[in-house]
*Asks:* 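Got a structure for you, written out below as structure tokens; questions coming shortly.
All values derive from a computational prediction rather than experimental measurement. Ligands are counted one by one from 1 in listed order, and the atoms in each one are counted from 1 as well. Heavy atoms only: backbone and side chains are in, while hydrogens, waters and symmetry mates are out.
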Amino acid sequence: MSILIRTPQDLRKAGGWSAAAHRRVQTQVGGTAVSDQDLTYAPLGFTKESWATFARDGILIIEDALKPDQIQPLVEALEEQPRGMGWNIVESDPRFAELIDGPAHVGYVYDVYGEMLKLLRSQSFKREPGRQMRVRWHFDGPRALPFEVFGGKAPLRIKVGYWLTALPHADMGNLVYIPGSHRNRPYLSQYHTHDPSQDERHLTVKPGSMTLMWSGLWHRVAENRSEVTRLNLFYEYGPTWIVACDRFRSTPHWASSLSRTRRILMRDYGKPNDAFRPPKEDVPIYVPRPGEPDLEAGRYAEHVPAALRKRSTWLEQQGIL
Ligand SMILES: O=C(O)CCC(=O)C(=O)O
């Protein structure tokens, strides 16, 4: 069955990524014919409205990102994790590796980091009742010279959260955050304490919900006074030139077992300069979505290889950056 898809709106009508985005496509990228094996276009991510909410609040909450039958295998994989907090979990279980390019979220982070996309960290959390496994107020990333100093229009890291157990109310080991605190707020009087803030919100979500968090958002973790263990996963992304914080290198035989897209997103490069200029075999990760404007059309002479050309992100195409 073929579906005629010319624009992202057509794709939405066709049932979104699950129905159409993983269809094989053949296209021209930067003047080079890519008639390649498994090249697809990225699942849809932000709309102008959802970007505006994310930019305003520093957090976007998307319900039902995982279907019910996707939740249980992840719960089982997480329960098998030996520790309360797991790092670089994608290497520890194929059920977690599947999410490196998880179709519910990868379109969002691709909209921001485009062809430079990298998985910076994957983590699992089991926050058990009664355990003092809390985290004080902080924002993610460097403290002495925070990412936001370099420009606040887009985050330099986005943390995707998958919530596998219900968090219907506060004090269940919830993520606690201050909406909008990623904007012009490098200081917080409660920094490095568990003291409440009058502006804080406890994240309450249904299982299967997904969150996107801007790297500069102030957050902490509440005590878990319930009888339920909070189970969730974090997959954090940024551009390739930001260092990963859960690994130096991937295990070679594991990395070589990954699909092309997943292998690229791990960015397990032996040559440091590849972090700035990814090798030509890793370009492109995704081909342009149908109907996506080509801002680079006509800007390069033919001899410039595709891997050395700019390719605008969704944020740039929308005029947001
Ligand atoms: O577990 C959470 O809700 C947040 C954890 C956290 O603060 C962090 O990883 O930076």
*Asks:* Holding to side-chain hydrogen bond (donor to acceptor under 3.5 Å, both in side chains), I want the full list of residues that pass it with Ser312, two or more places apart in sequence or in another chain.
*Replies:*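 Testing Ser312 for side-chain hydrogen bond (donor to acceptor under 3.5 Å, both in side chains), a comparison that skips the adjacent residues, returns Glu296.
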*Asks:* Under the salt bridge (Lys or Arg N to Asp or Glu O under 4.0 Å) rule, what pairs show up with a residue in residues 234-246, not counting sequence neighbours?
*Replies:*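 Qualifying pairs, neighbours excluded: Arg121-Glu236, Arg157-Glu236.
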*Asks:* So, does Ser50 use its side chain to make a donor-acceptor pair with the main chain of Phe46 at under 3.5 Å?
*Replies:*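 Such a contact is absent between Ser50 side chain and Phe46 backbone.
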*Asks:* Tell me which pairs pass salt bridge (Lys or Arg N to Asp or Glu O under 4.0 Å) where either residue lies in residues 269-287, with sequence neighbours left out.
*Replies:*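 Sorted result for residues 269-287: Arg263-Asp282.
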*Asks:* Under 3.5 Å, is there a donor-acceptor pair between the side chain of Glu91 and the main chain of Thr251?
*Replies:*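 Yes: the side chain of Glu91 pairs with the backbone of Thr251.
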*Asks:* Yes or no on ring-ring contact (aromatic ring centres under 6.0 Å, His included) for Tyr286 and Tyr110, after CA distance, side-chain angles and deciding distance?
*Replies:* CA-CA 9 Å; Tyr286 292 112; Tyr110 187 75; 5.1 Å; yes
*Asks:* At less than 3.5 Å, what protein N or O atoms come close to the N or O atoms of ligand 1? Include the distances to 0.1 Å.
*Replies:*
residue  : atom   : partner : partner atom : Å
ligand 1 : 1 (O)  : Arg127  : NE           : 3.2
ligand 1 : 1 (O)  : Arg127  : NH2          : 2.7
ligand 1 : 1 (O)  : Arg230  : NH1          : 3.4
ligand 1 : 1 (O)  : Arg230  : NH2          : 2.7
ligand 1 : 3 (O)  : Arg230  : NH1          : 2.9
ligand 1 : 3 (O)  : Arg230  : NH2          : 3.3
ligand 1 : 7 (O)  : His138  : NE2          : 3.1
ligand 1 : 7 (O)  : His219  : NE2          : 3.1
ligand 1 : 9 (O)  : Lys159  : NZ           : 3.1
ligand 1 : 10 (O) : His138  : NE2          : 2.9
ligand 1 : 10 (O) : Asp140  : OD1          : 2.9
ligand 1 : 10 (O) : Lys159  : NZ           : 3.2
ligand 1 : 10 (O) : His219  : NE2          : 3.3

